[in-house]
Engineer: 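Before anything else, here's the structure in question.
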Amino acid sequence: MTDTISDMLARIRNAGMALLPVVELPHSHIKESIAQILRKEGYVSDVLVEGKVPKKTIKLKLKYQGKKSVIEGLRRISRPGLRRYVGSTEMPRVRAGLGISIISTPEGVMSGAEARKKNLGGEVLCYVW
């Protein structure tokens, strides 16, 4: 698999459409950072990291409003074939502020709003709304 972040987003999207309570992902530090941002922004209820190094996994507990997932959409922006970078003044706004962008900056992975406050630019990983 060449793009593990796209795989993570596809698993979350598919679990949300199937109304599954938990989605399990292979662990990596960047995926754990993205999951923590989703928890902090209120898109998932809990993030659990389980197991030892060779078989470490991330479990996300998804949130629902009735029979509809809180996460309406996920979109991968920067991909291995075409990286997308933005400066601190060009930070994208997702759905006129109703969604978030997830940015990989020199200080770590953070939401677009947080990167804008810290005056940091970086690689735009994905949009969530």
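Throughout, residue positions are numbered sequentially from 1 according to the sequence presented. The basis for the numbers below is simple: all heavy atoms, side chains too, and nothing from hydrogens, waters or symmetry mates.
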Engineer: Rounded at 0.5 Å granularity, tell me how far CZ in Arg76 sits from OG in Ser6.
Structural biologist: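 Reported to 0.5 Å precision, the distance equals 5.0 Å.
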Engineer: Do Lys67 and Gln65 make a side-chain contact, defined as non-hydrogen atoms from C-beta onward lying under 4.5 Å apart?
Structural biologist: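 With C-beta onward as the side chain, the pair stays apart.
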Engineer: Which side-chain N or O atoms in residues 91-114 pair as donor and acceptor under 3.5 Å with protein atoms at least two apart or in another chain?
Structural biologist:
unit_1	atom_1	unit_2	atom_2	d
Thr105	OG1	Glu107	N	3.3
Thr105	OG1	Gly108	N	3.4
Thr105	OG1	Gly108	O	2.6
Ser111	OG	Glu114	N	3.4
Glu114	OE1	Lys40	NZ	3.0

Engineer: I'd like to know if the side chain of Arg11 and the backbone of Arg13 have a donor-acceptor N/O pair within less than 3.5 Å.
Structural biologist: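 No.
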Engineer: What distance do Ile71 atom CD1 and Trp129 atom CH2 have between them, rounded to the nearest 0.5 Å?
Structural biologist: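 One gets 11.0 Å once the value is rounded to the nearest 0.5 Å.
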Engineer: Starting from Ile5, can I reach Val44 by hopping between I/L/V/M/F/W/Y residues whose side chains sit under 4.5 Å apart?
Structural biologist: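 Val44 clusters together with Ile5.
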Engineer: Grouping I, L, V, M, F, W and Y whenever their side-chain heavy atoms are under 4.5 Å apart, do Leu9 and Ile37 come out in a common cluster?
Structural biologist: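 Looking at the clustering, Ile37 is in the same group as Leu9.
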Engineer: Among the clusters formed by ILVMFWY side chains lying less than 4.5 Å apart, do Leu74 and Leu20 turn up in the same one?
Structural biologist: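 No; Leu20 is not reachable from Leu74 via cluster members.
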Engineer: First locate atom CD of Gln36, then atom CD1 of Ile58, and finally report the distance between them rounded to the nearest 0.5 Å.
Structural biologist: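 Between atom CD of Gln36 and atom CD1 of Ile58 there are 8.5 Å.
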Engineer: Between OG1 of Thr2 and CZ of Arg79, what distance do you get to the nearest 0.5 Å?
Structural biologist: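 Separation between the atoms: 10.5 Å.
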Engineer: Once rounded to the nearest 0.5 Å, what's the spacing between atom NZ of Lys63 and atom CG of Leu38?
Structural biologist: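 Answer rounded to 0.5 Å: 11.0 Å.
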Engineer: Looking at side-chain heavy atoms only, is the closest gap between Glu41 and Val128 below 4.5 Å?
Structural biologist: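 Not touching, per the 4.5 Å side-chain cut-off.
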Engineer: How far apart are the closest heavy atoms of Gly42 and Val70, and which atoms are they?
Structural biologist: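 Here Gly42 and Val70 meet closest at O-CG1, 3.9 Å.
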Engineer: If hydrophobic clusters are built by linking Ile, Leu, Val, Met, Phe, Trp and Tyr wherever their side-chain heavy atoms come under 4.5 Å apart, do Tyr43 and Ile30 end up in the same one?
Structural biologist: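 Yes, one cluster joins them.
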Engineer: Linking I/L/V/M/F/W/Y whenever any side-chain heavy atoms sit under 4.5 Å apart, do Val23 and Met8 land together?
Structural biologist: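 Yes, one cluster joins them.
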Engineer: Below 4.5 Å, heavy atoms only, C-beta onward: do Ile12 and Leu62 meet side chain to side chain?
Structural biologist: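 Yes, side chains in contact.
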Engineer: Spell out, as yes or no, whether a donor-acceptor pair under 3.5 Å connects the side chain of Lys59 to the backbone of Val22.
Structural biologist: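 No: the side chain of Lys59 does not pair with the backbone of Val22.
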Engineer: CD of Glu32 to CG of Leu48: how many Å apart, nearest 0.5 Å?
Structural biologist: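 Going from CD on Glu32 over to CG on Leu48, the span is 10.5 Å.
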Engineer: Tell me, please, which residues at least two apart from Arg116 pass salt bridge (charged side-chain N to carboxylate O under 4.0 Å, His left out).
Structural biologist: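 Once residues adjacent in sequence are excluded, Arg116 has no partner under the salt bridge (charged side-chain N to carboxylate O under 4.0 Å, His left out) criterion.
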Engineer: I need the minimum non-hydrogen distance between Pro26 and Lys31, along with the two atoms involved.
Structural biologist: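 Minimum heavy-atom contact is O-NZ, 2.9 Å.
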Engineer: Which residues pass the salt bridge (charged side-chain N to carboxylate O under 4.0 Å, His left out) test with Glu72, sequence neighbours left out?
Structural biologist: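 With neighbours one apart ignored, the set is empty.
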Engineer: Looking at Glu24 and Thr57, what are the two nearest heavy atoms and their distance?
Structural biologist: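 In this case the closest contact between Glu24 and Thr57 is OE2-CG2, 3.6 Å.
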Engineer: Which atom names give the shortest non-hydrogen contact between Arg39 and Asp46, and what distance separates them?
Structural biologist: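 That would be CD-CA, 4.3 Å.
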